[in-house]
Undergrad: 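One structure follows; several queries about it will come next.
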2 protein chains.
Amino acid sequence: MADFKDLDPLLHSQLRLAVMSLLVSVKSAEFVYIKEKTNATAGNLSVQIDKLSTAGYIEVEKSFKGKKPLTTCKITKKGLQAFEEYVNALQQYIRK
Amino acid sequence: MADFKDLDPLLHSQLRLAVMSLLVSVKSAEFVYIKEKTNATAGNLSVQIDKLSTAGYIEVEKSFKGKKPLTTCKITKKGLQAFEEYVNALQQYIRK
DNA sequence: CATATTTGGTTTATAAAATAAACTACTTTA
DNA sequence: TAAAGTAGTTTATTTTATAAACCAAATATG
């Protein structure tokens with residue numbers, strides 16, 4: 001049996017993984033939408049989005065919807081690759 | 001799309017998950033063996049094994065191999081169930 | 001009209017987790 | 001008999017995650 005590959009710690013977090021999971025399928029999503037889908041608090045989500053953004057895994061665009069702030073996220077190529085590698089590494093842990 | 005199910009925080013840890021993953025397949029393993037397979041430090045492993053044991057996910061038996069201490073771990077029914085649930089919940093996050 | 005309340009967040013503080021370092025107890029080897 | 005190794009545990013430190021507090025603007029309410 002091969003040794004366990006390290007799991008990207010940036011992705012091995014429930015909330016960040018959920019965010020990435022969403023972004024993989026929808027390609028672009030608003031803060032509020034992500035917040036609802038993930039059941040996260042705004043504060044927590046804000047922090048985790050920041051981390052993903054700093055890592056270059058997602059792109060964050062701040063604009064306005066009418067007069068309200070609007071934060072839109074989309075996954076980057078780097079993020080997609082990291083996600084795929086994470087999933088591959090993880091398979092080793094969870095296949096019975 | 002259904003909301004994301006919570007991931008058992010006890011299992012959502014690289015080292016603890018690796019330990020459980022090992023125990024699922026081998027059914028019983030020694031401390032040193034687990035340590036080598038997971039590349040963990042003894043201290044870290046000791047702590048994480050303790051947590052899994054306290055949760056009732058594994059059973060820990062302390063004996064002696066000759067004159068050296070021997071810690072043997074095996075997964076419990078509860079642990080196996082938790083592992084399976086974790087894997088199921090996780091699927092939702094990682095299917096593309 | 002003024003004052004709550006809601007929206008869409010960010011910042012900061014606290015709690016929990018992971019990890020590393022130090023230590024224990026004993027054994028083996030030189 | 002001193003040094004080094006084995007098999008761990010305990011404690012301290014660092015990192016993370018989460019919650020609580022806050023902010024600015026908009027909208028609703030009496």
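Throughout, protein chains are lettered first and strands after them, A, B, ... in sequence-line order, and every chain is numbered starting at 1. Here the structure is a predicted model, which is why all the values come from computation and not from measurement.
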Undergrad: Just jot down the salt bridge (charged side-chain N to carboxylate O under 4.0 Å, His left out) partners of Lys65(B), sequence neighbours excluded, or say none.
TA: Glu30(B)
Undergrad: Want to settle it: does Ala42(B) or Pro9(A) sit nearer the 5' end of DNA chain D, counting the closest nucleotide to each?
TA: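 The 5'-side residue here is Ala42(B).
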Undergrad: In this structure, how many angstroms lie between the P atom of dA18(C) and the CG atom of Leu17(B), rounded?
TA: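 Computing the Leu17(B):CG to dA18(C):P distance gives 11 Å.
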Undergrad: Can you give me the first and the last nucleotide of DNA chain D (5' to 3') that has an atom within less than 4.0 angstrom of a non-hydrogen atom in chain B?
TA: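 First and last nucleotides in contact are dT6(D) to dT10(D).
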Undergrad: Sugar-phosphate means primed atoms, P, OP1 and OP2; the rest is base. With that split, encode nucleotides 22-30 of chain C 5' to 3' as B, S or - using protein heavy atoms under 4.0 Å.
TA: -----S---
Undergrad: Any idea which heavy atoms bring Ile58(A) and Thr76(A) closest together, and the distance?
TA: C-CG2, 3.7 Å
Undergrad: Atom CG of Leu11(B) and atom C1' of dA18(C): how far apart are they, to the nearest Å?
TA: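 Value for this atom pair: 16 Å.
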Undergrad: Would you please name every residue forming a side-chain hydrogen bond (donor to acceptor under 3.5 Å, both in side chains) with Asn44(A), sequence neighbours left out?
TA: Gln48(A)
Undergrad: Send over the distance from Glu30(A) CD to dT7(C) P, rounded to a whole Å.
TA: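 The distance from CD of Glu30(A) to P of dT7(C) comes to 15 Å, rounded to the nearest Å.
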Undergrad: In whole angstroms, how far is the C1' atom of dG8(C) from the CG atom of Leu45(A)?
TA: 11 Å
Undergrad: For residues 45-56 of chain B, which residue pairs pass the salt bridge (Lys or Arg N to Asp or Glu O under 4.0 Å) check, not counting sequence neighbours?
TA: none
Undergrad: Identify, with sequence neighbours excluded, every residue that meets side-chain contact (heavy atoms from CB on, under 4.5 Å) alongside Gln91(B).
TA: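 Result, side-chain contact (heavy atoms from CB on, under 4.5 Å) vs Gln91(B): Ile94(A), Val87(B), Ile94(B).
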Undergrad: Of the residues in residues 48-64 of chain A, which ones touch DNA chain C at a heavy-atom distance under 4.0 Å?
TA: Lys62(A)
Undergrad: Considering only side-chain heavy atoms of Phe31(A), which listed nucleotide, dA18(C), dG9(C), dT19(C), is closest?
TA: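 Of dA18(C), dG9(C), dT19(C), dG9(C) is nearest to the side chain of Phe31(A).
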Undergrad: Categorize Leu70(A) for me: base, sugar-phosphate, or nothing, with a 4.0 angstrom heavy-atom threshold over every strand shown.
TA: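 Sugar-phosphate only.
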Undergrad: Map Gln14(A) and Lys65(B) onto DNA chain D by nearest heavy atom, then report which one ends up closer to the 5' terminus.
TA: Lys65(B)
Undergrad: Could you tell me which residues satisfy ring-ring contact (aromatic ring centres under 6.0 Å, His included) with Phe31(A), sequence neighbours excluded, listed by chain and number?
TA: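 Phe31(A): no ring-ring contact (aromatic ring centres under 6.0 Å, His included) contacts found.
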Undergrad: Partners of Lys77(A) by side-chain contact (heavy atoms from CB on, under 4.5 Å), sequence neighbours excluded?
TA: Gln81(A)
Undergrad: Measure from the side-chain heavy atoms of Ser46(A) and tell me the nearest of dG8(C), dT10(C), dA17(C).
TA: dT10(C)
Undergrad: Could you list the residues that satisfy ring-ring contact (aromatic ring centres under 6.0 Å, His included) with Tyr93(B), not counting sequence neighbours?
TA: Phe4(B)
Undergrad: Identify, with sequence neighbours excluded, every residue that meets side-chain contact (heavy atoms from CB on, under 4.5 Å) alongside Ser28(B).
TA: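 Once residues adjacent in sequence are excluded, the partners of Ser28(B) under the side-chain contact (heavy atoms from CB on, under 4.5 Å) criterion are Thr72(B), Lys74(B).
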Undergrad: Tell me the ring pair (Phe, Tyr, Trp, His ring centres under 6.0 Å) pairs involving residues 51-75 of chain B, sequence neighbours left out?
TA: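 Found none.
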Undergrad: Leu45(A) and side chain to side chain contact (heavy atoms under 4.5 Å, CB included): which partner among Thr71(A), Val32(A), Val19(A)?
TA: Val19(A)
